[in-house]
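Please read the structure below before turning to the comments.
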There are 2 protein chains.
Amino acid sequence: MTSQRTIGWLAKSAGVHVQTVRYYERQQLLSPVGRRPSGYRVYDHEAVARLRFIRNAKALGFTLREIGELLSLRVNGRARCGDVQRKAEAKLHGVEAKLTDLQALARALRGLIRMCQAGQPIDRCQILRQMEREQPASQQSQKRRTS
Amino acid sequence: MTSQRTIGWLAKSAGVHVQTVRYYERQQLLSPVGRRPSGYRVYDHEAVARLRFIRNAKALGFTLREIGELLSLRVNGRARCGDVQRKAEAKLHGVEAKLTDLQALARALRGLIRMCQAGQPIDRCQILRQMEREQPASQQSQKRRTS
DNA sequence: CTTGACTCGGTACCATAGTATCAGGTGTAG
DNA sequence: CTACACCTGATACTATGGTACCGAGTCAAG
């Protein structure tokens with residue numbers, strides 16, 4: 001009953017796999033409140049909230065590393081809301097840069113499709129040509145991961 | 001000399017590592033025009049354009065698999081324009097779906113940032129509170145990383 | 001007390017996009 | 001002719017975010 005707060009209970013409550021909970025533990029994002037004598041992990045409702053937090057932050061595009069930072073901000077009493085805000089803003093800027101790039105690409109693809117409809121041969125395709133050009137690395141849309 | 005079109009020349013010309021060129025070859029994105037008797041790969045200027053294409057498409061968020069499709073689209077282009085058009089349209093739909101996801105993400109981030117009254121102690125941070133809420137994964141799938 | 005579900009740690013594996021290192025062969029400048 | 005840079009395939013390793021499987025131990029219902 002009430003003592004059923006095992007890893008399986010937690011996983012089910014938060015809608016993730018048991019292995020994922022253990023994976024998050026290895027990544028220092030989450031730990032059990034204790035262990036039974038048998039070694040079984042014991043959790044509380046806090047853990048469910050924390051796991052939900054992780055899931056939502058992940059859906060917002062934060063990496064597990066970033067989520068870890070967010071979580072430790074929460075623990076660290078001196079941290080201010082502004083710290084969190086800055087992280088969210090950095091993430092937003094990355095997303096906006098990506099949006100700009102993708103919008104340009106969508107426009108280019110629509111152009112290609114129009115050209116195809118006009119019966120133009122593909123070797124005149126301007127986007128494909130454009131993509132062969134040496135591009136001035138200008139507004140780099142984040143290398144790999146936004147930190 | 002003109003006969004220096006080895007993998008090293010290509011890699012330097014396109015600004016990637018030699019191993020990356022070989023990796024792309026394994027991924028069927030690029031192949032040498034031939035081999036020297038010694039086995040050395042030989043490339044031409046086309047290869048530089050192709051590598052630049054790959055780099056630029058990658059910067060736009062295409063996976064190597066998708067880039068392969070784009071490249072074969074270019075090669076098959078002369079044959080059947082209808083085929084090409086369908087592929088381009090599929091690609092466009094993919095880009096538009098990505099755009100929708102990213103726009104939702106940006107909206108969510110902006111909403112969170114607005115809620116934050118900087119200077120609040122961390123335990124009153126609305127961003128963090130919001131992220132603890134049960135958010136039933138909602139509509140957007142988020143299958144691929146958006147970073 | 002047995003049965004079956006659950007849990008343990010450990011390890012291996014998936015995809016993605018490379019990077020690093022290896023022994024050994026090649027190419028070329030001095 | 002000798003250095004030394006470059007090339008070869010093969011294999012292993014990086015990071016990210018998990019998933020799958022293993023034998024062995026545990027827990028609770030019947």
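Lettering follows sequence order; numbering is per chain, from 1.
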In whole angstroms, how far is the [atom2] atom of [N] from the [atom1] atom of [X]?
X       : N      : atom1 : atom2 : result
A:Leu30 : D:dG18 : CG    : P     : 13 Å
B:Arg41 : C:dG25 : CZ    : C1'   : 14 Å
B:Gln28 : C:dA17 : CD    : P     : 15 Å
A:Glu25 : C:dG10 : CD    : C1'   : 14 Å
A:Arg35 : D:dT26 : CZ    : C1'   : 14 Å
B:Ile67 : C:dA17 : CD1   : P     : 7 Å
A:Arg5  : C:dT7  : CZ    : P     : 14 Å
A:Phe62 : D:dG17 : CZ    : P     : 13 Å

Exercise. Could you run down nucleotides 18-23 of chain C 5' to 3' and tag each one B, S or - for protein heavy-atom contact under 4.0 Å?
Worked result: BSBB--
Can you tell me how far the [atom1] atom of [X] sits from the [atom2] atom of [Y], to the nearest 0.5 Å?
X       : Y        : atom1 : atom2 : result
B:Phe62 : B:Ile67  : CZ    : CD1   : 8.0 Å
A:Glu89 : B:Arg110 : CD    : CZ    : 11.5 Å
A:Leu29 : A:Thr20  : CG    : OG1   : 11.5 Å
A:Arg22 : A:Arg41  : CZ    : CZ    : 5.5 Å
A:Thr6  : A:Tyr40  : OG1   : OH    : 8.5 Å
A:Tyr23 : A:Arg26  : OH    : CZ    : 7.5 Å

For this session: Ignoring hydrogens and angles, tell me if any N or O in the side chain of B:Thr100 forms a donor-acceptor pair with the backbone of B:Glu96 under 3.5 Å.
Result: yes
Exercise. Are the side chain of A:Asp44 and the backbone N or O of A:Ala47 linked by a donor-acceptor pair below 3.5 Å?
Worked result: yes
Exercise. Can you check whether B:Arg36 has a side-chain N or O nearer than 4.0 Å to OP1 or OP2 of C:dT26?
Worked result: no
Exercise. Side-chain N or O of B:Ser38 less than 4.0 angstrom from OP1 or OP2 on D:dT8?
Worked result: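 Indeed not, no polar side-chain atom of B:Ser38 lies that close.
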Problem set entry | Angle by which the axis turns from one end of the helix from C:dC1-D:dG30 to C:dG30-D:dC1 to the other, five pairs per end, to 10 degrees | 20°
Exercise. Around A:Glu25, counting heavy atoms of other residues, nucleotides and ligands shown, do more than 12 lie under 6.0 Å from its CD?
Worked result: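 Atom CD in A:Glu25 is crowded, with more than 12 foreign heavy atoms closer than 6.0 Å.
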For this session: Inspect the surroundings of CD in A:Gln28 and state if more than 12 heavy atoms from other residues, nucleotides or ligands are less than 6.0 Å away.
Result: no
Extract from the structure each pairing of a protein N or O with an N or O of nucleotides 2-6 of chain D at less than 3.5 Å, listing the distance.
| from | atom 1 | to | atom 2 | distance (Å) |
| --- | --- | --- | --- | --- |
| D:dC6 | O2 | B:Tyr40 | OH | 3.2 |

Exercise. Under a 4.0 Å N-O cut-off, is there an ion pair linking A:Lys87 with A:Glu66?
Worked result: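 Looking at A:Lys87 and A:Glu66, the cut-off is not met.
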